[in-house]
Amino acid sequence: MQKSQSFRLTYLLGLILVAMLLGSAYYIEIFDHINPCPLCLLQRMCMAALGAIFIMGALFKLKKCAHLFLGFLGLIISISGLLFAGRQVWLQYSPPSTSGDCSASLSYLYNVLSIKDLLIQVWKGGMECSQTGGQFLHLSLAAWSLIAFIILYLIVIVQIIRAIKK
């Protein structure tokens with residue numbers, strides 16, 4: 001198999017994983033009526049951004065510098081997703097007293113706060129962000145999101161290493 005095909009296959013596998021995860025998240029929201037908190041929405045945005053990177057990598061035959069660019073962009077996004085998912089898992093295991101409020105929607109917070117204040121407010125979390133909601137195999141959805149971001153992070157690292165060796 002040519003190197004460009006193996007690059008594209010790895011991007012395609014990452015894209016399939018992202019599509020399955022986002023599809024599951026929307027299924028849970030629509031059919032199980034579990035509304036996402038702002039931390040969940042930020043995780044979804046990171047997941048969708050990684051999906052866009054994987055689409056570009058899977059569809060186009062890229063040069064080394066383009067693979068490196070996509071890789072480092074994917075690295076930043078996957079680390080952001082890891083931070084958001086990790087924070088939510090942390091909040092679930094040690095719920096905040098009332099330091100933050102997750103009850104407002106992310107779009108409302110975006111309209112009334114600066115980006116910095118929005119991120120600080122969401123990072124503080126609240127009682128809504130600390131609820132586990134649905135569980136699968138005794139892990140919360142946030143824990144599964146954390147595991148998924150670890151896998152996606154590793155996929156991105158593999159692609160960067162392969163691009164450097166190319």
Side-chain angles (χ1 to χ4, degrees), residues 8-60 70 73-157 159:
R8 293 169 80 180
L9 180 62
T10 306
Y11 282 124
L12 182 62
L13 291 174
L15 176 61
I16 290 169
L17 177 61
V18 166
M20 288 174 30
L21 292 167
L22 285 176
S24 299
Y26 286 113
Y27 177 86
I28 290 168
E29 179 182 353
I30 293 168
F31 295 105
D32 290 343
H33 306 291
I34 298 176
N35 292 324
C37 68
L39 270 175
C40 296
L41 291 174
L42 290 173
Q43 291 170 53
R44 284 187 193 180
M45 288 178 200
C46 290
M47 193 75 64
L50 281 172
I53 288 172
F54 291 148
I55 285 174
M56 287 187 276
L59 289 180
F60 304 112
L70 282 182
L73 191 60
L75 199 63
I76 292 168
I77 294 168
S78 62
I79 289 172
S80 299
L82 275 167
L83 289 172
F84 292 135
R87 177 63 178 164
Q88 188 163 13
V89 170
W90 175 267
L91 289 171
Q92 289 174 348
Y93 285 103
S94 59
S97 51
T98 53
S99 62
D101 183 21
C102 258
S103 60
S105 72
L106 193 60
S107 61
Y108 172 76
L109 292 174
Y110 178 75
N111 288 330
V112 287
L113 299 173
S114 68
I115 294 293
K116 177 186 168 194
D117 292 335
L118 178 137
L119 289 174
I120 290 170
Q121 183 71 20
V122 170
W123 189 259
K124 286 180 184 177
M127 294 312 291
E128 184 179 311
C129 290
S130 64
Q131 295 173 357
T132 56
Q135 289 193 348
F136 179 70
L137 297 176
H138 303 292
L139 290 176
S140 68
L141 297 177
W144 282 110
S145 180
L146 181 63
I147 292 168
F149 276 114
I150 291 170
I151 293 168
L152 294 169
Y153 172 81
L154 293 174
I155 289 172
V156 169
I157 290 290
Q159 292 294 77

So do the side chains of [X] and [Y] get within less than 4.5 Å of each other, counting heavy atoms only?
| X | Y | result |
| --- | --- | --- |
| Met56 | Tyr11 | no |
| Cys40 | Glu29 | no |
| Ile155 | Leu13 | no |

At what distance, to the nearest 0.5 angstrom, does [atom1] of [X] lie from [atom2] of [Y]?
| X | Y | atom1 | atom2 | result |
| --- | --- | --- | --- | --- |
| Leu17 | Leu152 | CG | CG | 5.0 Å |
| Thr10 | Leu15 | OG1 | CG | 12.5 Å |
| Leu146 | Leu82 | CG | CG | 6.0 Å |
| Ile28 | Asn35 | CD1 | CG | 12.5 Å |
| Gln43 | Leu83 | CD | CG | 10.5 Å |
| Leu70 | Phe54 | CG | CZ | 9.5 Å |

Gly51 to Val18 - nearest heavy-atom pair and separation: CA-CG1, 3.8 Å
Quick one: closest heavy-atom pair of Val156 and Gly74, and the distance? CG1-C, 3.8 Å
Expected output: side-chain Arg8 to main-chain Gly57 donor-acceptor under 3.5 Å: no
Ser145 side chain to Leu141 main-chain N or O, any donor-acceptor pair under 3.5 Å? no
Establish, for the pair Arg44 and Phe84, whether the NZ or CZ atom is under 6.0 angstrom from the six-membered ring centre and no further than 45 degrees off its axis. no
Is there any side chain to side chain donor-acceptor pair (under 3.5 Å) pair reaching into residues 74-84, and which pairs are they, with sequence neighbours excluded? none
